[in-house]
Amino acid sequence: MEFPERFSNLPEYTWPRMRALLDPHTPGGEVVNLTIGEPNHAFPDFLARKIDERVASFGDYPNNYGTPELLGAIAGWIQRRYGVAMAEDQIMALNGTREGLFSAAIALSPETKNGARTRILLPNPFYPVYMIAALSAGADPLYMAATADTGHLPDLDALDAETLDRTTIFYLCSPSNPQGAVASREYWKRLLDLAEQHDFIIFSDECYSEIWRDTPPIGGLEMVQEFGPDPERVFIFHSLSKRSNLPGFRSGFVAGGKKGMAEIRQLRAYAGAPLPGPLQHASISVWEDEAHVDASRERYRDKFDIADRILGSVPGYASPPAGFFLWLPVADGADAALKVWRETGVRVLPGAYLARDVDGVNPGTGYIRVALVADEPELERGLTELRDCIYT
Ligand SMILES: Cc1ncc(COP(=O)(O)O)c(C=O)c1O
């Protein structure tokens, strides 16, 4: 029995790899976990009541694409947030963005393009589902270094015409995980121009869009409205996981051009796992409520202030405009994560575990990722111990 060759030389997934590095060692103090991007702030208190209102519909197969009421609530949110009108058939409910970022590539990336094997472009470092989606769609992933030198986003001018002519999908993550970089209007304009010239699609992963410090990040649909490319060029992915502190609830959406959405919906009809009815119903109220999102954002602002105060004098420290991660420069991320774990009990993620080696270089090697998810006093203690252990 053989297994698919395209998955045969994958690196171990981020979390088992991190556990293998840290868990054989005893933590040097009380544990502060700053690894996983799992928000700990309060989710809306009406959630259980809303699920309960429709609990009977656990007895029915759920609506595949999202109920009209849910799609209407999401359309309302897109209109309020981005000023863009979307019809119901331009939106589909997801079990969080991850499954959509995966399945949409399978639905939309053709087998060949211009007579050649296709390429799917992704940032490096990156959220791992982009890579597995590209491989599953039968495309060659191209890992584009997103470093301090390129503003922590892929350098669009580094792409040659031959690559672009084979490209079917470009994954853009803005605000980015892990660096918290936000694509500017100019960046979007350049990307949309390339997409038009070379006929590819942009998958805009916007799951951190609501966690920002001064200015709400630009979204892909706004840019389509402003610059007027083919409306099939951009698909946005959002979720309640980070916005509403509901990573275990599994609720999100994809929205974009009608033709592409018809393909994505059809794949869901054949193979997808739709969001359970009571969760679809409860999601409506969550998308309609901004008070809990504002409160959570305020807390992240305070956490970034704590981080700036404690780490501000670290050479190369950059306070990101959005997201809830610090991407801290160190000599070697795995060495630093191990040292801080063994000496203090603070748990952080080596940056290389979020990136791939390209030509022997891993753009995450000289970093650790720190998630600002712990409560403020714990975070304060964790960051202080981290600083004293690594940077003094
Ligand atoms: C960049 C990015 N995209 C997508 C996801 C998936 O989130 P979810 O499936 O919970 O919406 C995550 C989760 O950590 C992420 O960091």
Side-chain angles (χ1 to χ4, degrees), residues 13-15 18 33-41 43 66 74 77 91-105 120-134 143-144 146 152-154 169-183 202-212 217 219-220 235-255 264 268 272-276 279-280 283 286-287 293 296 300 320-327 348-349 351 353-356 364 367 369-373:
Y13 197 67
T14 315
W15 305 115
M18 185 196 69
N33 190 356
L34 304 177
T35 55
I36 194 161
E38 184 176 70
N40 283 332
H41 302 171
F43 56 74
I74 293 171
W77 183 81
I91 305 170
M92 189 181 85
L94 295 173
N95 281 292
T97 42
R98 182 163 63 171
E99 65 112 349
L101 289 161
F102 178 77
S103 58
I120 291 187
L121 276 40
L122 45 132
N124 193 23
F126 59 97
Y127 184 61
V129 78
Y130 311 154
M131 173 185 75
I132 209 75
Y143 306 96
M144 301 179 65
H152 291 299
L153 293 171
I169 292 165
F170 184 107
Y171 278 96
L172 177 67
C173 186
S174 169
S176 68
N177 171 8
Q179 311 96 326
V182 174
I202 299 154
F203 280 180
S204 185
D205 180 354
E206 304 180 355
C207 72
Y208 292 95
S209 66
E210 301 318 289
I211 304 170
W212 43 267
F235 293 81
I236 63 166
F237 297 81
H238 280 261
S239 101
L240 298 179
S241 300
K242 321 287 179 184
R243 172 189 181 269
S244 301
N245 307 311
L246 285 169
F249 187 68
R250 311 310 303 139
S251 178
F253 71 84
V254 50
I264 293 171
R268 159 61 63 91
L275 194 60
L279 306 196
Q280 295 200 28
S283 298
V286 184
W287 284 113
V293 185
S296 186
Y300 283 120
F324 54 57
F325 298 111
L326 302 175
W327 186 235
V348 297
L349 181 67
Y353 294 9
L354 293 166
R356 285 296 298 257
Y367 290 90
R369 192 190 76 174
V370 179
L372 303 185
V373 290

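Please read these numbers as outputs of a predicted model, since none were measured by experiment. Counting starts at 1 for both ligands and their atoms, in listed order. Note: hydrogens, waters and symmetry copies are ignored here, and every other heavy atom, side chains too, is used.
In this structure, F43 has its ring center no closer than 6.0 Å to that of F249.
By the neighbour-count criterion of 12 heavy atoms within 6.0 Å, atom CZ of R356 is densely surrounded, having more than that number from other residues, nucleotides or ligands.
At least one heavy atom of K242 sits under 4.0 Å from some atom of ligand 1. Contact between Y208 and ligand 1 is present, with at least one heavy atom of the residue lying under 4.0 Å from the ligand. A heavy-atom separation below 4.0 Å is not found between G252 and ligand 1. For P247, the heavy-atom gap to ligand 1 stays at 4.0 angstrom or more.
No donor-acceptor pair closer than 3.5 Å links the side chain of S244 to the backbone N or O of L246. Judged by distance alone, the side chain of R369 and the main-chain N or O of T35 form a donor-acceptor pair under 3.5 Å.
The aromatic rings of W327 and Y367 lie parallel to each other, their planes meeting at an angle below 30°, with 60° marking the opposite boundary.
Within the listing of ligand 1, atoms 9 (O), 11 (O) sit less than 4.0 angstrom from a heavy atom of G96. The ligand atoms of ligand 1 that sit less than 4.0 angstrom from a heavy atom of C173 are 1 (C).
The side chain of R250, and not its backbone, has at least one atom closer than 4.0 Å to an atom of ligand 1 (non-hydrogen atoms only; side chain from C-beta on).
At least one N or O atom of S239 sits closer than 3.5 Å to an N or O atom of ligand 1.
Only one option out of F235, F126, Y130, Y143 pairs with Y171 in a ring pair (Phe, Tyr, Trp, His ring centres under 6.0 Å); it is Y130.
Comparing V129, L354, T97, L94 against atom 4 (C) of ligand 1, the shortest heavy-atom distance belongs to T97.
Here the protein heavy atom with the shortest distance to atom 1 (C) of ligand 1 is D205 OD2, 3.3 Å.
Shown here for S209 and P217, the closest heavy-atom pair between the two residues is O-CD, 3.3 Å.
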